[in-house]
Enquirer: 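Submitted below is the structure of interest, expressed as structure tokens.
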Amino acid sequence: MILTLEDIKNRLHTRQTTPDDLQNTARKSLIPEAELAPAAVLLPLFQDDQEWHLIFIKRTEQDYDDHSGQIAFPGGRAEKGDPSLTATALRESEEEIGLRPQDVDILGYSRDITTVTRYRVTPIVGLIPWPCPLRPSPLEVERILFIPLEWLMDPENHRIRPWRPEGEEMEPYPIIFFNSYHGETLWGATAKIVLDFIDLLTP
């Protein structure tokens, strides 16, 4: 499917707050809304040779990080000084990959999701110029990945498998896993955000 920038903008502007799917409903039933902390991630989108790509990070291994070592979008928990969740996503993106806020054109928003780590995450889609100088934080980011949107949209590249958090005795619940891309596996909350974004882009 060939997507223009106007296609992406228009489809994001028709964003709907639809009921959570099976994966998110399983999580939501376990976590009261009052216990969820606000967070935001940036979906950095760029076009190279007429092909759309999303930027991901691989988090460094950290004892304090519940998402340590995972593939993710740049972003994090909202702080008191952030005037908005958009500001949260832009601040975190600058800290993690050196992406300057003034280089990001906000296109719209995808659907919020909740995570087992007790966050309500707002995904914010931003267009960036390409090539764009990026500088990963050595403390937070092991590597930066550029994954074509067309690859992510291919249903052959992802599937649902049962999973449960390590150390928990709860029943496993369905989680999205993508196929390996350049040796890395995109799964869980980030994979859910990707599929929600793709769903919004699909007529």
Side-chain angles (χ1 to χ4, degrees), residues 1-5 7-12 14-16 18-27 41-60 67-75 89 93 96-97 99 107-117 121-128 130-132 134 136 141-166 172-203:
M1 177 173 59
I2 298 175
L3 287 169
T4 68
L5 180 58
D7 289 334
I8 294 171
K9 285 181 178 179
N10 290 338
R11 290 170 190 174
L12 286 174
T14 62
R15 175 192 183 202
Q16 298 176 357
T18 57
D20 292 334
D21 68 8
L22 182 60
Q23 173 186 338
N24 211 25
T25 300
R27 292 173 172 176
V41 296
L42 183 71
L43 279 60
L45 185 69
F46 70 88
Q47 197 170 29
D48 186 28
D49 288 334
Q50 298 185 328
E51 185 174 19
W52 292 105
H53 296 73
L54 282 171
I55 295 177
F56 299 83
I57 61 172
K58 181 177 183 180
R59 297 191 176 279
T60 55
H67 302 283
S68 179
Q70 295 182 10
I71 304 303
F73 287 112
S93 297
E96 292 177 348
I97 61 173
L99 180 60
L107 301 180
Y109 305 87
S110 190
R111 303 183 187 116
D112 290 359
I113 71 161
T114 59
T115 72
V116 293
T117 49
V121 182
T122 299
I124 297 161
V125 183
L127 178 69
I128 67 171
W130 198 257
C132 181
L134 300 175
V141 178
E142 182 177 319
R143 66 181 296 195
I144 298 175
L145 295 173
F146 311 107
I147 304 183
L149 190 58
E150 184 176 357
W151 186 89
L152 294 166
M153 295 177 80
D154 186 344
E156 293 296 319
N157 287 328
H158 59 81
R159 57 191 45 82
I160 294 177
R161 304 206 307 254
W163 179 89
R164 66 181 169 199
E166 186 176 351
Y173 52 84
I175 289 289
I176 302 158
F177 286 82
F178 276 80
N179 294 341
S180 176
Y181 187 85
H182 288 187
E184 304 293 350
T185 300
L186 170 63
W187 67 284
T190 302
K192 174 69 168 66
I193 290 171
V194 170
L195 290 189
D196 278 351
F197 176 53
I198 289 170
D199 181 56
L200 289 175
L201 296 183
T202 305

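Note that this is a predicted model, so its numbers are computed, not measured.
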Enquirer: If you take all heavy atoms of Thr190 and Ile71, which pair is closest and at what distance?
Expert: OG1-O, 3.4 Å
Enquirer: So with a 6.0 Å cut-off around CD of Glu142, is the heavy-atom count from everything else above 12?
Expert: yes
Enquirer: Which heavy atom of Ile198 sits nearest to which heavy atom of Leu152, and what is that distance?
Expert: CD1-O, 3.3 Å
Enquirer: Give me the atom names and distance for the closest heavy-atom approach of Glu96 to Val141.
Expert: O-CG2, 3.3 Å
Enquirer: With rounding to the nearest 0.5 angstrom, report the CD1 to CD1 distance, Ile176 to Ile193.
Expert: 10.0 Å
Enquirer: Please list, chain by chain and in numerical order, all residues satisfying side-chain hydrogen bond (donor to acceptor under 3.5 Å, both in side chains) with Glu184, sequence neighbours excluded.
Expert: Lys58, Arg143
Enquirer: Looking at Arg59, is its backbone amide N or carbonyl O close enough to the side chain of Gln70 to form a donor-acceptor pair, meaning the two atoms are under 3.5 Å apart?
Expert: no
Enquirer: Working to the nearest 0.5 Å, report the span between CG of Leu107 and CD1 of Ile128.
Expert: 11.0 Å
Enquirer: Not counting sequence neighbours, which residues clear side chain to side chain contact (heavy atoms under 4.5 Å, CB included) with Asp199? List them please.
Expert: Arg111
Enquirer: Heavy atoms, side chains only, cut-off 4.5 Å: are Ile8 and Leu12 in contact?
Expert: yes
Enquirer: Minimum heavy-atom separation for Phe178 and Leu195, please, with both atom names.
Expert: CZ-CD2, 3.7 Å
Enquirer: Hey, could you give me the OG1/CH2 distance between Thr4 and Trp52, rounded to the nearest 0.5 Å?
Expert: 8.0 Å
Enquirer: Work out which heavy atom in Asn179 is nearest to a heavy atom in Trp151; give both atom names and the distance.
Expert: O-CH2, 3.3 Å
Enquirer: Decide yes or no for Val194 and His158: does some side-chain heavy atom of the first lie under 4.5 Å from some side-chain heavy atom of the second?
Expert: no
Enquirer: Under a 3.5 Å distance rule, please check whether Asp154 uses its side chain to pair with a backbone N or O of Glu156 as donor and acceptor.
Expert: yes
Enquirer: What residue among Tyr181, Phe56, Trp130 forms ring pair (Phe, Tyr, Trp, His ring centres under 6.0 Å) with Phe146?
Expert: Trp130
Enquirer: Nearest 0.5 angstrom please: His53 NE2 to Leu145 CG, how far?
Expert: 11.5 Å
Enquirer: Just to verify, which of Ile147, Leu45, Val125 counts as forming a side chain to side chain contact (heavy atoms under 4.5 Å, CB included) with Leu54?
Expert: Leu45
Enquirer: Kindly compute the distance separating CZ (Arg159) from CH2 (Trp187), expressed to the nearest 0.5 Å.
Expert: 16.0 Å
Enquirer: If we ignore hydrogens and angles and just use 3.5 Å, is the side chain of Asp7 paired with the main-chain N or O of Leu201 as donor and acceptor?
Expert: no
Enquirer: Yes or no on side chain to side chain contact (heavy atoms under 4.5 Å, CB included) for Ile2 and Gln50, after CA distance, side-chain angles and deciding distance?
Expert: CA-CA 9 Å; Ile2 298 175; Gln50 298 185 328; over 6 Å; no
Enquirer: For the atom pair CD1 (Ile97) and CG (Leu42), what is the distance rounded to the nearest 0.5 Å?
Expert: 7.0 Å
Enquirer: Evaluate the criterion side chain to side chain contact (heavy atoms under 4.5 Å, CB included) for residue pair Ile55 and Leu134; output intermediate values, then yes/no.
Expert: CA-CA 11 Å; Ile55 295 177; Leu134 300 175; 4.0 Å; yes
Enquirer: Thr115 and Ala189: which non-hydrogen atoms are nearest, and at how many Å?
Expert: CG2-CB, 4.0 Å
Enquirer: Within the 4.5 Å heavy-atom criterion, are Pro44 and Phe73 side-chain neighbours or not?
Expert: yes
